**Student:** 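Attaching a single structure in structure tokens format; questions to follow.
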Amino acid sequence: IATDIIVGFPYETEQLFQETLKNAEKFQFSKIHVFPFSKRTGTKAASFEEKYNVNEKEKKLRSQKLCDLSHKLEIEFSKRFIGKTLEVLIEKSGEESSGLTSNYLRVKVKENIPNNTLIQVQITGQNGSILLGKKVEEKTNE
């Protein structure tokens with residue numbers, strides 16, 4: 001499960017932000033999409049008094065902390081698939097091809113496989129949150 005989190009919403013205190021971090025880790029999201037709050041004319045939040053706004057420097061720091069947590073959680077999530085066989089849709093071909101699984105895991109294979117090809121890949125390891133694997137050869141009935 002992935003989630004979107006807005007940081008620096010007016011009235012967000014350091015304590016509330018720490019609770020957000022703690023809960024994001026507790027729920028073990030596979031990915032966190034982080035967005036700093038920005039005023040949008042016509043919204044309720046745009047009318048909040050300036051004194052309740054989180055400054056830009058703090059929004060940037062909080063965004064970075066959540067992005068770092070997201071990267072850590074992505075690596076932990078990806079690790080669960082080492083040793084398994086996954087179906088991968090190849091998006092980028094070359095000496096090393098890469099694509100995505102149905103649950104949006106990035107997989108690289110050291111083989112030139114045409115784009116838009118669905119293949120079975122045995123996951124052998126990982127580099128950060130990117131999974132590494134070998135194409136599973138299709139069995140033929142001969």
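All values derive from a computational prediction rather than experimental measurement.
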**Student:** Taking the inter-plane angle between the rings of F81 and F77 on a 0 to 90° scale, is it parallel (under 30°), tilted (30 to 60°) or perpendicular (over 60°)?
**Tutor:** perpendicular

**Student:** Does the side chain of F9 come within less than 4.5 Å of F17's, by heavy atoms?
**Tutor:** no

**Student:** Compare every heavy atom of S93 with every heavy atom of N115, then report the nearest pair and how far apart it is.
**Tutor:** OD1-OG, 2.8 Å

**Student:** Could you check whether atom CD of Q15 has more than 12 heavy atoms from other residues, nucleotides or ligands sitting under 6.0 Å from it?
**Tutor:** no

**Student:** Measuring from C67:SG to H33:NE2, what's the distance to the nearest 0.5 Å?
**Tutor:** 10.5 Å

**Student:** Heavy-atom count check: over 12 atoms from other residues, nucleotides or ligands less than 6.0 Å from K39 NZ?
**Tutor:** yes

**Student:** For a 4.5 angstrom cut-off between non-hydrogen side-chain atoms, does T3 reach I1?
**Tutor:** no

**Student:** Quick test of your reading: applying side chain to side chain donor-acceptor pair (under 3.5 Å), list the pairs with at least one residue in residues 73-89, sequence neighbours left out, ordered by first then second residue.
**Tutor:** K31-E74, S70-E74, T85-Q122

**Student:** Rounded to the nearest 0.5 Å, what separates atom CD in E56 from atom CG in L61?
**Tutor:** 11.5 Å

**Student:** Just by distance, do the side chain of S63 and the backbone of K59 share a donor-acceptor pair under 3.5 Å?
**Tutor:** yes

**Student:** Filter on salt bridge (charged side-chain N to carboxylate O under 4.0 Å, His left out), then keep only pairs touching residues 4-13, sequence neighbours left out; what's left?
**Tutor:** E12-R62

**Student:** Do the side chain of T117 and the main chain of I90 share a donor and acceptor less than 3.5 angstrom apart?
**Tutor:** no

**Student:** For residues I130 and Q126, determine if any side-chain heavy atom of one lies less than 4.5 Å from a side-chain heavy atom of the other.
**Tutor:** no

**Student:** Can you tell me how far CZ of F27 sits from CG of L73, rounded to the nearest 0.5 angstrom?
**Tutor:** 12.5 Å

**Student:** Output, in order, the C-alpha distance, side-chain angles, deciding distance and verdict of side-chain contact (heavy atoms from CB on, under 4.5 Å) for F37 and V54.
**Tutor:** CA-CA 9 Å; F37 172 79; V54 177; over 6 Å; no

**Student:** Where the side chain of T101 meets the backbone of L105, is there a donor-acceptor pair that is under 3.5 Å apart?
**Tutor:** yes

**Student:** So do the side chains of I113 and K135 get within less than 4.5 Å of each other, counting heavy atoms only?
**Tutor:** yes

**Student:** Below 4.5 Å, heavy atoms only, C-beta onward: do V88 and V107 meet side chain to side chain?
**Tutor:** yes

**Student:** Between K134 and E111, does a salt bridge (Lys or Arg N to Asp or Glu O under 4.0 Å) hold up when you go through it step by step?
**Tutor:** CA-CA 8 Å; K134 296 172 117 179; E111 189 176 331; over 6 Å; no

**Student:** Within the 4.5 Å heavy-atom criterion, are T20 and I5 side-chain neighbours or not?
**Tutor:** yes

**Student:** If the threshold is 4.0 Å, N to carboxylate O, is there a salt bridge linking E19 and K26?
**Tutor:** no

**Student:** Please name the pair of heavy atoms, one in I119 and one in V109, separated by the smallest distance, quoted to 0.1 Å.
**Tutor:** CD1-CG2, 4.4 Å

**Student:** Heavy-atom count around L16 CG within 6.0 Å, excluding the residue itself: above 12?
**Tutor:** yes

**Student:** Check the pair L131 / L86 against side-chain contact (heavy atoms from CB on, under 4.5 Å), numbers first and verdict last.
**Tutor:** CA-CA 10 Å; L131 293 171; L86 303 175; 4.2 Å; yes

**Student:** Are L21 and V7 co-members of a hydrophobic cluster defined by side-chain heavy atoms under 4.5 Å apart?
**Tutor:** yes

**Student:** Step by step, work out the side-chain contact (heavy atoms from CB on, under 4.5 Å) result for T124 and I82.
**Tutor:** CA-CA 6 Å; T124 58; I82 295 173; over 6 Å; no

**Student:** Step by step, would you call L69 with I32 a side-chain contact (heavy atoms from CB on, under 4.5 Å)?
**Tutor:** CA-CA 8 Å; L69 175 61; I32 302 170; 4.3 Å; yes

**Student:** Are the side chain of N53 and the backbone N or O of P10 linked by a donor-acceptor pair below 3.5 Å?
**Tutor:** no

**Student:** When rounded to the nearest 0.5 angstrom, what distance separates NZ in K108 from CG in N127?
**Tutor:** 7.0 Å

**Student:** Are I123 and I75 joined in one hydrophobic group, where the rule is that I, L, V, M, F, W and Y side chains link up if heavy atoms are under 4.5 Å apart?
**Tutor:** no

**Student:** Do S98 and R106 make a side-chain contact, defined as non-hydrogen atoms from C-beta onward lying under 4.5 Å apart?
**Tutor:** yes

**Student:** Can you establish whether the number of heavy atoms outside E95 located under 6.0 Å from its atom CD is more than 12?
**Tutor:** no

